[in-house]
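Numbers here simply count residues along the sequence, with the first being 1.
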Amino acid sequence: MSKKKSRSRPDPASLGLPCTGVESHAHLDMGEYDEEGVGAVLDRAAAAGVARVGNVFLGPAAYLAHRELFAERAEVFFLLGVHPCDAAKASPGDVAAMAEAFAGDARLRAVGEIGLDYYWDASTAATQQALLREQLALTRELDVPAVIHSRDAAADTLAVLDDMGFRDRPLVWHCFGGGADLAAAIFSRGWTLSIPGPVTYAKNTDLAAAVAAMDLSRVLLETDSPYLAPEPWRGKRNEPAFLAFTCLRVAELMGRDPAEVWRATGDNARRVFGL
């Protein structure tokens with residue numbers, strides 16, 4: 001019996017990208033990195049050219065419990081929001097607690113990820129929509145960007161955002177996995193979208209075609225760590241350093257130099273989040 005051929009998994013630092021990239025969306029406080037510590041993860045990201053990392057706290061309790069993980073890491077900025085999958089168990093005081101957190105912490109740069117997710121449980125759609133509206137109202141009050149999660153719910157997500165008057169407001173459509181039509185709907189409203197690791201997967205042809213036609217000035221990159229590791233690290237725990245491989249694929253699809261895409265998406269993130 002022949003042995004299974006081992007896969008080549010290069011070090012992202014070997015790609016030689018400049019230290020201008022921005023990881024716009026990661027969950028480094030969720031426990032998957034506890035054994036080695038987030039410091040080692042962030043050091044690898046910096047070696048791979050990632051200058052800033054956005055850590056997303058899923059609710060005020062997570063923020064209060066884990067923000068000190070990044071006390072010594074000034075390159076990390078924060079996002080805070082109640083995820084739609086947590087809508088049914090959300091506390092009535094969560095949004096007020098978020099407002100208090102933003103008032104006291106300049107590292108909090110956006111409300112997110114918030115939105116709608118019908119993939120896991122569409123029966124909570126009404127509850128999710130009510131929570132989304134409440135958090136969008138807070139976003140307007142704080143005058144910060146919204147970062148949107150939408151899974152199997154694009155039409156309803158767009159309808160809520162339109163009804164709440166978010167056209168031409170700072171907004172990032174996180175973990176974009178759609179095709180050209182959804183990208184056009186997002187861009188027509190003046191928003192930005194963020195491309196994750198699955199753009200590197202061979203079967204995601206609609207996503208690849210959409211990315212190939214995108215205006216680079218409206219695009220961010222993300223890992224959504226610890227999930228969705230790009231090729232050639234697919235199947236392993238994701239981390240911000242692997243953002244470099246997503247950049248290579250986006251550059252290939254757009255017919256651009258990887259360093260150009262790296263700098264441009266980093267500049268876009270700095271603009272959106274006011275970094």
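Identified under the ring-ring contact (aromatic ring centres under 6.0 Å, His included) test for residues 27-51, with sequence neighbours left out: H25-H27. The ring-ring contact (aromatic ring centres under 6.0 Å, His included) pairs that include a residue from residues 255-275 are F77-F273, where partners are two or more places apart or lie in different chains. Within the structure, the side-chain hydrogen bond (donor to acceptor under 3.5 Å, both in side chains) test picks out the following pairs touching residues 211-223 (sequence neighbours left out): E23-T223, H174-E222, S194-E222, D215-S217, T223-S225.
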**OP:** Would you sort out whether L207 and F176 count as a side chain to side chain contact (heavy atoms under 4.5 Å, CB included), showing the intermediate values?
**Re:** CA-CA 8 Å; L207 173 58; F176 181 79; 3.7 Å; yes
Subject >> Chi angles and distances behind the side chain to side chain contact (heavy atoms under 4.5 Å, CB included) call for H66, N55 >> reply: CA-CA 10 Å; H66 302 143; N55 191 76; over 6 Å; no
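For the pair R107 and V76, the tightest heavy-atom approach, listed with the atom from each and the gap, is NH2-O, 2.9 Å. Here the closest heavy-atom approach between residue V219 and residue M254 is recorded as CG2-CE, 4.3 Å. Nearest heavy-atom pair across A229 and Y201 is O-OH, 2.7 Å. The minimum heavy-atom distance linking C175 with D224 is given by the pair SG-OD2, 4.2 Å. Between P240 and L28, the shortest heavy-atom contact is CD-CD2, 3.9 Å. When all heavy atoms are compared, the tightest approach of T246 to G197 is OG1-CA, 3.5 Å.
Listed by chain and residue number, L158, R189 satisfy the side-chain contact (heavy atoms from CB on, under 4.5 Å) test with A185 (two or more places apart in sequence, or in another chain). In terms of the side-chain contact (heavy atoms from CB on, under 4.5 Å) criterion, residue partners of A13 (sequence neighbours excluded) are, by chain and number, D11, A47. In this structure R44 satisfies the side-chain contact (heavy atoms from CB on, under 4.5 Å) test together with E36, A40, V41, R237, E239, A241, sequence neighbours excluded. In this structure F57 satisfies the ring-ring contact (aromatic ring centres under 6.0 Å, His included) test together with Y63, F78, sequence neighbours excluded. In this structure, the salt bridge (charged side-chain N to carboxylate O under 4.0 Å, His left out) partners of E252, at least two apart in sequence or on a different chain, are R249. Under the side chain to side chain donor-acceptor pair (under 3.5 Å) criterion, N268 pairs with R271, sequence neighbours left out. Every residue two or more places apart in sequence or in another chain was checked for a salt bridge (charged side-chain N to carboxylate O under 4.0 Å, His left out) with E32, and none qualifies. Taking the salt bridge (charged side-chain N to carboxylate O under 4.0 Å, His left out) definition, one finds that D121 meets it with nothing, sequence neighbours left out. Applying the side-chain contact (heavy atoms from CB on, under 4.5 Å) rule to D94 yields the partners P60, V82, A90, S91; only residues at least two apart in sequence or on another chain are considered.
The line from CG of L161 to CZ of R133 is 9.5 Å long, rounded to the nearest 0.5 Å.
The side-chain heavy atoms of L216 and T265, taken from C-beta on, include a pair separated by under 4.5 Å. Contact annotation: the side chain of T157 approaches that of W173 to within less than 4.5 Å [non-hydrogen atoms, C-beta and beyond]. Counting heavy atoms from C-beta on, the side chains of I195 and M214 come closer than 4.5 Å.
Annotation: D43, atom CG; neighbour count of heavy atoms from other residues, nucleotides and ligands within 6.0 Å is above 12.
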